[in-house]
Amino acid sequence: MNTALVRITTIFTLVLALNGCMTYSLNDKVASNEMGTTSYKADKITAVSAGRDEKGREGWVFIGNNYDYFLNSGIDNIMAIYSFGKFIDKNKFFVKDGSEFIVDDKKTKFFGNVTIEYRSDIPVSEGENKELLSAGFKKNLEYADGLVYSQQLNSLNGVIHAKNNHYQDKDLITLKHPFDIAFYQKSGVSGYRALYPVTIAADAVTLPLQIIGGAVYVGAFIVSMGSASYH
């Protein structure tokens, strides 16, 4: 009887120990998997416009091939000189490669940083220089035949909206150089816990944005800032 009891006790102890080891092992895998970010989706931004969300808030919108991205703030000055700069050459604006955004758990909000560059293969004019500096650009690289101005837009954030396919061309500010953006999600839930395909299409449940005249919006911004130099 005592021998049987000892065997049962030993087996029970081993089961608990093995279960604990497996739990710790899984915890380690989950923890390591949840520390970083995982690739989520990508899109190409082809235009910018002013827009109004379902709550009536106005702001700038990145127009993507698949979705629209309402920005809460951050690009007013750049859009001002891009739209109304007297000396600015739109062909010289580029978004630096590697623009990345993090999406939240619901995959409807995003935040991240973007670096805008103004690349010139020839010396810029004094007018260009003044407009760029006034908009927050800095000389980043200077060489014999030209230079690069850059501005990093930190902490951009906004909301992903379902595509509005009823734009009018007059309301869009078409980008001379469309740019790619990559979306990542924080590994808050490990793949070991839930393995399922995710798509923005299933998650972007917000209503399409109302697009308003970008030129009107940026014009009003310039007037409010008292910047007569762009008119």
Side-chain angles (χ1 to χ4, degrees), residues 39-53 59-85 87-103 107-121 124 128 131-132 135-137 140-141 146-185 199-201 204 206 208-218 221:
S39 179
Y40 179 55
K41 275 287 182 181
D43 204 349
K44 182 181 289 290
I45 306 303
T46 59
V48 179
S49 182
R52 185 181 294 114
D53 68 9
W60 289 105
V61 182
F62 281 164
I63 307 298
N65 285 338
N66 302 315
Y67 297 91
D68 297 330
Y69 307 90
F70 184 82
L71 296 171
N72 292 329
S73 63
I75 63 171
D76 287 330
N77 289 335
I78 290 178
M79 292 311 302
I81 65 168
Y82 189 88
S83 301
F84 291 99
F87 305 98
I88 292 300
D89 183 348
K90 293 181 180 180
N91 287 298
K92 296 180 181 179
F93 280 103
F94 293 84
V95 173
K96 191 174 182 180
D97 292 340
S99 298
E100 299 177 356
F101 291 99
I102 303 295
V103 294
K107 303 173 189 69
T108 56
K109 296 180 180 180
F110 64 90
F111 65 92
N113 304 322
V114 171
T115 299
I116 309 294
E117 292 185 338
Y118 188 82
R119 306 171 188 170
S120 180
D121 293 330
V124 301
E128 281 179 285
E131 288 183 342
L132 289 166
F137 282 84
N140 188 48
L141 176 65
L147 51 81
V148 175
Y149 291 79
S150 69
Q151 181 176 170
Q152 184 168 354
L153 305 178
N154 296 313
S155 302
L156 287 180
N157 63 88
V159 179
I160 301 172
H161 283 260
K163 185 73 178 171
N164 185 335
N165 293 312
H166 303 289
Y167 300 135
Q168 295 186 31
D169 290 341
K170 66 181 181 63
D171 293 330
L172 301 182
I173 301 172
T174 303
L175 299 178
K176 297 292 185 180
H177 301 285
F179 63 94
D180 296 317
I181 54 174
F183 288 92
Y184 292 82
Q185 60 183 132
T199 61
I200 290 182
T206 51
L209 294 161
Q210 177 187 355
I211 297 302
I212 57 180
V216 174
Y217 182 76
V218 75
F221 166 76

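All values below come from the heavy atoms of this structure, side chains included, with hydrogens, waters and symmetry mates left out.
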Exercise. Taking the side chain as every heavy atom from C-beta outward, state whether F101 and V103 have any atom pair closer than 4.5 Å.
Key: no
Quiz item: Going by heavy atoms in the side chains, are V159 and D53 under 4.5 Å from each other?
Solution: no
Quiz prompt | Minimum heavy-atom distance between S49 and L172, given as atom pair plus value | solution = CB-CD2, 3.9 Å
Quiz item: Donor-acceptor pair, E131 side chain versus F87 backbone, under 3.5 Å?
Solution: yes
Quiz item: About how many Å separate CZ of F111 and CD1 of I102, when rounded to the nearest 0.5 Å?
Solution: 5.5 Å
Quiz item: Under the side chain to side chain donor-acceptor pair (under 3.5 Å) test, which residues partner K92, sequence neighbours left out?
Solution: S120, E128
Quiz item: Quick one: which of I88, N140, V148 gives a side chain to side chain contact (heavy atoms under 4.5 Å, CB included) with Y118?
Solution: I88
Self-check item: Expected output: side-chain Q151 to main-chain A135 donor-acceptor under 3.5 Å
Solution: yes
Quiz item: By side-chain contact (heavy atoms from CB on, under 4.5 Å), which residues pair with K176, not counting sequence neighbours?
Solution: Y82, K90, N91
Quiz item: Are the side chains of L153 and N113 in touch, meaning some heavy atoms are under 4.5 Å apart?
Solution: no
Quiz item: Could you give the distance from CG (N77) to CG (L132), rounded to the nearest 0.5 Å?
Solution: 12.0 Å
Self-check item: Shortest non-hydrogen separation from L175 to F179 and the atoms involved
Solution: CD1-CE2, 3.7 Å
Quiz prompt | Flag if over 12 foreign heavy atoms under 6.0 Å of NZ, K163 | solution = yes
Self-check item: Partner set under side chain to side chain donor-acceptor pair (under 3.5 Å) for N154, not counting sequence neighbours
Solution: Q152
Practice problem: Drop me the distance from I160's CD1 to D68's CG, to the nearest 0.5 angstrom. | Solution: 11.0 Å
Exercise. Measure the OG1-CD1 distance between T46 and I63 for me, rounded to the nearest 0.5 Å.
Key: 7.0 Å
Quiz item: Can you name the residues that form a side chain to side chain donor-acceptor pair (under 3.5 Å) with N66, not counting sequence neighbours?
Solution: D43
Practice problem: Would you indicate whether the side-chain heavy atoms of W60 and I173 approach each other to under 4.5 Å? | Solution: yes
Quiz item: So how far is it from E100 CD to I181 CD1, rounded to the nearest 0.5 Å?
Solution: 11.0 Å
Quiz prompt | Partner residues of F70 under the ring-ring contact (aromatic ring centres under 6.0 Å, His included) criterion, sequence neighbours left out | solution = none
Quiz item: Which heavy-atom pair separates T115 from S150 by the least distance, and what is that distance?
Solution: CG2-CB, 4.4 Å
Exercise. Can you see which heavy atom on F93 is nearest to which on H177, and at what distance?
Key: O-CD2, 3.1 Å
Practice problem: Not counting sequence neighbours, which residues clear side-chain contact (heavy atoms from CB on, under 4.5 Å) with L71? List them please. | Solution: F62, I75, F110
Quiz item: Given side chains that start at C-beta, do those of Y67 and F183 come closer than 4.5 Å, heavy atoms only?
Solution: no
Quiz item: Going from CZ on F137 to CD on E117, what distance comes out if it is rounded to the nearest 0.5 angstrom?
Solution: 9.5 Å
